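First up is the structure itself, then whatever we jot down about it.
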Amino acid sequence: MVTYDPIDRYAPQREHMIRHDLRGRDIRDARVLEVLGQIPRENFLAPQYQHAAYEDNPVPIGLGQTISQPYIVALMTQCLGLTGTELVLEIGTGSGYQTAILSKLCKKVYTIERFDELSVRAQSVLSTLDIHNVEYAVGDGSCGWQSPFLFSRIIVTAAVPRPPEPLVVQLQEDGILVAPVGDEYSQTLIQYQKKGQELRHIEICGCRFVKLVGKYGFPPSE
Ligand code: SAH
């Protein structure tokens, strides 16, 4: 019999998400499943949206942005093949939910968000969860991290027309980059791997993200 912490009122919904929406599809990485089963997704949402935290769809987080569907968060994380030693660059901090998941599975996360307000909110939620292996930046993430670091993994959580060139430059040899690539209405989730001058790719599935607005993304809407 499954028993739930009476204070953790979302535990049954979280458990249902793991069993039905993640394991029930193709999420097989045990570490990814474990972490999604631990992080309280409701903490990343405004009170009026918390009831929808574990629904199988994206949820608004303000400023016209959304927290991605749990399955997509799990799938992208699984595609990164994290073992715990990696330095991960994340473009599009948003609510910070994906950041929190990554932080539990790698050495350190470097995350960039375009909106100061979202970054500040994410920082406060992660610090209440006692997550400290994250560096935050505000700006155009399509231009990469401000210092010339190399990352073993890069995740772009907003739609791009193609993998942004500065991110490809900041990806280590054999490193993996996951991004939704397409136009602003529909994209394909693609897993890239850097092999010398070549960028090998595997198409994962169709998806729909908000657009990455920036120099190597899309122009802002009028
Ligand atoms: N991973 C997030 C979802 C992000 S939605 C989560 O778990 O909540 C995509 C985010 O990318 C939005 O917050 C949006 O503001 C941000 N974004 C869009 N263009 C960007 C850019 N050029 N640089 C950094 N962030 C950007």
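Whatever order the structure lists them in is the order used to number ligands and atoms, beginning at 1. Computed from a predicted model, the values in this text were never measured in an experiment. Keep in mind that the numbers below use all heavy atoms, side chains included, and drop hydrogens, waters and symmetry copies.
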At what distance is the nearest protein heavy atom to atom 19 (N) of ligand 1, and which residue and atom is it?
Val213 N, 3.0 Å
If only side-chain N and O atoms count, and only distance matters, is there a donor-acceptor pair under 3.5 Å linking Gln98 with Ser68?
no
Indicate yes or no: does Asp56 engage Arg25 in a salt bridge with an N to O separation below 4.0 Å.
yes
Would you tabulate the side-chain donor-acceptor contacts of residues 168-176 under 3.5 Å, counting partners in other chains and residues two or more places apart, or write 'none'?
from	atom 1	to	atom 2	distance (Å)
Gln170	OE1	Trp145	N	2.8
Gln170	NE2	Trp145	O	3.2
Gln170	NE2	Ser147	O	3.2
Glu173	OE1	Gly196	N	2.8
Glu173	OE2	Gly196	N	3.1
Asp174	OD1	Lys195	NZ	2.6

For Gly139, the ligand 1 atoms with a heavy-atom partner under 4.0 Å come out as 23 (N), 24 (C)
Donor-acceptor pair, distance only, cut-off 3.5 Å: does the side chain of Arg114 make one with the backbone of Leu212?
no
Donor-acceptor pair, Gln193 side chain versus Leu177 backbone, under 3.5 Å?
no
Would you mind running through ligand 1 and noting each atom that sits below 4.0 Å from a heavy atom of Gln98?
1 (N), 7 (O)
Ranked by distance from atom 24 (C) of ligand 1, the top protein heavy atom is Arg114 N, 3.4 Å
Test Glu90 against Thr157 for side-chain hydrogen bond (donor to acceptor under 3.5 Å, both in side chains), laying out the working first.
CA-CA 7 Å; Glu90 177 192 37; Thr157 68; 4.7 Å; no
Under 4.0 Å from a heavy atom of Leu212: which atoms of ligand 1 are those, numbered in the order shown and with their elements?
18 (C), 19 (N), 20 (C), 21 (C), 22 (N)
For ligand 1, is Thr93 a contact, meaning one of its heavy atoms is under 4.0 Å away?
yes
Are any of the side-chain nitrogens in Lys107 or Glu86 under 4.0 Å away from the carboxylate oxygens of its partner?
no
Is it true that Lys211 lies under 4.0 Å from ligand 1, counting heavy atoms only?
yes
Measure the distance from atom 6 (C) of ligand 1 to every protein heavy atom, then report the residue, atom name and distance (to 0.1 Å) of the closest one.
Ser95 OG, 3.4 Å
Ignoring hydrogens and geometry, is there a side-chain-to-backbone donor-acceptor pair from Gln50 to Glu42 under 3.5 Å?
yes
State the atoms of ligand 1, each with its element, that fall below the 4.0 Å cut-off from a heavy-atom position in Thr66.
3 (C), 4 (C), 5 (S)
With atoms numbered from 1 as shown, which atoms in ligand 1 lie under 4.0 angstrom from a non-hydrogen atom of Leu118?
13 (O)
Taking all non-hydrogen atoms of both residues into account, name the closest pair between Gly144 and Pro166 and its distance.
N-CB, 4.2 Å
Do NZ/NE/NH1/NH2 and the carboxylate oxygens of Asp183 and Lys211 come within less than 4.0 Å?
no
Atom 16 (C) of ligand 1 - nearest protein heavy atom and its distance:
Glu113 OE1, 3.4 Å
Atom 9 (C) of ligand 1 sits nearest the protein heavy atom Thr157 O, 3.3 Å
Under 4.0 Å from a heavy atom of Phe115: give me the atoms of ligand 1 that qualify, with their elements.
15 (O)
min-distance protein heavy atom vs atom 11 (O) of ligand 1 -> Gly92 CA, 3.3 Å
Proximal atoms of ligand 1 relative to Asp140 (non-hydrogen, under 4.0 Å)
21 (C), 22 (N), 23 (N)
Among protein heavy atoms, which sits nearest to atom 14 (C) of ligand 1, and what does the distance come to when rounded to 0.1 Å?
Gln65 OE1, 3.2 Å
I'd like to check which ligand 1 atoms, numbered from 1 as shown, lie under 4.0 Å from a non-hydrogen atom of Gly141.
21 (C), 22 (N), 23 (N), 24 (C)
Please walk me through it: do Gln123 and Ser127 pass side-chain hydrogen bond (donor to acceptor under 3.5 Å, both in side chains)?
CA-CA 6 Å; Gln123 290 181 46; Ser127 88; over 6 Å; no
